[in-house]
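Working notes for the structure below.
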Number of protein chains: 2
Amino acid sequence: MYHKVAEDIIQAILTNKYTDKLPTEKELVAQYHVSRNTIRKALDVVFAHGLLRRVRGSGYYVIKKPLQSQKILNLSIGFDENSMVSGGPLRSKVLKFDTITADKDLALRGNVAVNSRVYRVVRLRYLQGQLYSLEESYFPRNVVPFLTEESVQTSIFSFLRDAYQMTGSTSENYVHASKISEQQADLLKRQQGDQILCLDGINYLASGKVFNFSRTYFVYDNLALYYHTQNIDI
Amino acid sequence: MYHKVAEDIIQAILTNKYTDKLPTEKELVAQYHVSRNTIRKALDVVFAHGLLRRVRGSGYYVIKKPLQSQKILNLSIGFDENSMVSGGPLRSKVLKFDTITADKDLALRGNVAVNSRVYRVVRLRYLQGQLYSLEESYFPRNVVPFLTEESVQTSIFSFLRDAYQMTGSTSENYVHASKISEQQADLLKRQQGDQILCLDGINYLASGKVFNFSRTYFVYDNLALYYHTQNIDI
DNA sequence: ATTGATTTGTTCGTATGTATC
DNA sequence: GGATACATACGAACAAATCAA
């Protein structure tokens with residue numbers, strides 16, 4: 001239930017139903033006919049998505065995203081939702097789609113067993129016609145037995161959800177600035193050795209199994225990755 | 001109370017008391033003499049810090065950080081704790097310490113009023129003798145009335161906590177790859193126009209007021225920024 | 001393969017504390 | 001000071017996934 005309430009509130013914020021302040025917890029309790037604990041749990045989720053500031057005694061305030069000329073990719077939400085960048089869906093150009101054996105390095109990156117078989121998908125992605133990213137993603141075949149050609153062209157995560165009810169539970173992610181190889185530079189229309197914003201991610205099922213891991217190079221102009229944290233007072 | 005429990009568990013993980021699996025909730029309840037709800041709230045905090053995977057019916061598993069040759073900066077914890085990179089304290093070389101008036105651009109970056117007065121601190125920071133970052137940080141003077149020379153040389157956040165009981169509550173952060181100017185290149189010993197990993201952050205008090213914002217350029221070799229997310233199923 | 005015990009997930013009710021207005 | 005609003009804490013019950021006999 002709190003998932004639904006959270007999703008509802010998130011949508012309300014994204015569609016500018018709430019632009020400044022949320023209703024009080026009491027009002028939300030009345031609105032959704034659930035207990036205050038459930039409302040607070042839902043608000044925890046919305047908060048974790050980086051959409052709220054909460055002020056004791058005062059209320060919940062919507063975080064106004066920067067105003068700057070930048071595209072924002074919100075890291076505080078799950079990775080499979082990340083593909084939904086504001087500004088429309090990503091178009092893909094598939095460069096590779098095959099099955100390989102994970103060597104030591106790849107196995108380490110994906111937290112999978114060495115020599116295990118994994119799907120490999122390499123794609124260039126475009127946002128509004130502009131080159132957005134180069135993405136290598138991997139799917140362990142012992143968890144993901146089959147991927148269709150079509151899903152690879154469009155949305156693999158949607159396919160996994162619809163076909164196998166397979167949805168990500170948690171993700172571990174690493175951002176760094178990485179020097180690119182000659183081949184990558186060629187694809188990304190940059191110079192060899194250029195530093196590019198790079199995101200490594202591992203996606204887990206609720207069972208704790210890895211069903212996907214990936215490395216993405218972002219080249220979209222003025223892209224910023226956003227995240228939100230709560231400090232704990234010790 | 002749950003803060004204390006959370007902090008205790010975090011310390012236990014960081015000191016390798018728990019390396020694989022945490023005790024069950026039931027055991028933690030007995031250990032800390034608090035209710036299960038309180039334990040779960042504490043575990044939420046530890047989880048949000050990116051230290052745990054939780055599996056229903058099974059237990060809580062410690063996330064083993066990549067073993068890789070990289071330095072990891074954990075973004076999933078509050079920014080003021082971020083300065084505690086594994087590998088010891090950061091040394092600072094202060095380049096500027098003065099008060100300026102926020103122009104439109106700076107005010108936007110820091111979510112403060114245009115023309116408000118802010119402390120400016122520009123520092124080079126070193127980790128284990130190696131250049132780590134170039135950091136420009138700002139403190140609105142209407143919230144932070146006074147900063148000592150000494151605090152600027154060492155830890156401003158510690159000073160604010162000790163002198164004013166001022167601690168961060170939430171942070172909004174933006175990561176991007178930024179081209180650096182000639183002056184910055186000079187300081188960072190890079191080339192002008194090089195792309196550098198850059199982190200913009202705004203820190204809020206519990207009252208919702210901005211008490212600090214900053215821009216940090218990271219140049220430490222093989223540094224990766226880590227974060228952890230939980231996906232919600234809709 | 002089924003069952004039963006264990007373990008985490010969700011939801012409710014209630015009470016009290018603390019900051020803001 | 002009083003009312004409002006968010007924060008913390010306890011107890012209880014049932015659901016759902018895992019695990020072991």
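The structure displayed is predicted, hence computed values, not measured ones.
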query: Are the charged groups of A:Glu25 and A:Arg40 less than 4.0 angstrom apart, N to O?
result: yes
Among D:dC10, D:dC6, D:dT18, the nucleotide that comes nearest once only the side chain of B:Val55 is considered: D:dT18
- prompt: Which of parallel (below 30°), tilted (30 to 60°) and perpendicular (above 60°) describes A:Tyr227 and B:Tyr227?
  reply: parallel
message: Parallel, tilted or perpendicular: which one describes the rings of B:Tyr138 and B:Phe213, with boundaries at 30° and 60°?
response: parallel
- request: In whole angstrom, give the distance that lies between atom NE2 of A:His33 and atom P of C:dG13.
  value: 13 Å
- prompt: From the list C:dA19, C:dT8, C:dT10, which nucleotide is the closest neighbour of the side chain of A:His3?
  reply: C:dT10
- prompt: With respect to the phosphate group of D:dA7, does any side-chain polar atom (N or O) of A:Arg54 fall under 4.0 Å of OP1 or OP2?
  reply: yes
- prompt: So, is B:Tyr32 close to the D:dC10 phosphate, meaning a side-chain N or O under 4.0 Å from OP1 or OP2?
  reply: no
- request: Calculate the interatomic distance between A:Leu52 atom CG and D:dC6 atom P; express it in whole Å.
  value: 11 Å
- request: Run the numbers on B:Lys64 and A:Glu172 for salt bridge (charged side-chain N to carboxylate O under 4.0 Å, His left out), then give the verdict.
  value: CA-CA 11 Å; B:Lys64 293 184 179 62; A:Glu172 297 163 17; over 6 Å; no
query: For B:Leu43 and C:dG9, what is the distance between atoms CG and P respectively, to the nearest whole Å?
result: 9 Å
query: Counting just side-chain N and O atoms, does B:Tyr61 come under 4.0 Å of either OP1 or OP2 of D:dT18?
result: no
field: Proximity to the side chain of A:Arg40 - top-ranked nucleotide from D:dT18, D:dA16, D:dA7
entry: D:dA7
- prompt: Rounding to a whole Å, what distance do you find between B:Lys4:NZ and D:dT8:C1'?
  reply: 13 Å
message: More than 12 heavy atoms of other residues, nucleotides or ligands under 6.0 Å from NZ of A:Lys21: yes or no?
response: yes
- prompt: Whole Å only: how far is the CG atom of B:Asp44 from the C1' atom of C:dT10?
  reply: 12 Å
- prompt: C:dT7 P sits how many Å from B:Glu27 CD, rounded?
  reply: 7 Å
- prompt: Atom CG of B:Leu205 and atom C1' of C:dT20: how far apart are they, to the nearest Å?
  reply: 15 Å
statement: Assert: residue with more 5' nearest nucleotide on DNA chain C, out of B:Ala206 and A:Tyr2, is A:Tyr2
- prompt: Mapping B:Asn37 and B:Leu22 to their closest nucleotides on DNA chain C, which lands nearer the 5' end?
  reply: B:Leu22
field: Presence of B:Ser58 side-chain N/O under 4.0 Å of D:dC19 phosphate oxygens OP1/OP2
entry: yes
message: Output the rounded distance in Å from CG (B:Leu28) to P (C:dT6).
response: 17 Å
- request: Between D:dC6, C:dT8, D:dC10, spot the one nearest the side chain of A:Glu25, thanks.
  value: D:dC6
- request: Respond yes when some side-chain nitrogen or oxygen of A:Thr38 is under 4.0 Å from OP1 or OP2 of C:dT10, and no when none is.
  value: no
- request: Using only heavy-atom distances, decide whether a donor-acceptor pair under 3.5 angstrom links the side-chain of A:Arg36 to the base of D:dA5.
  value: no
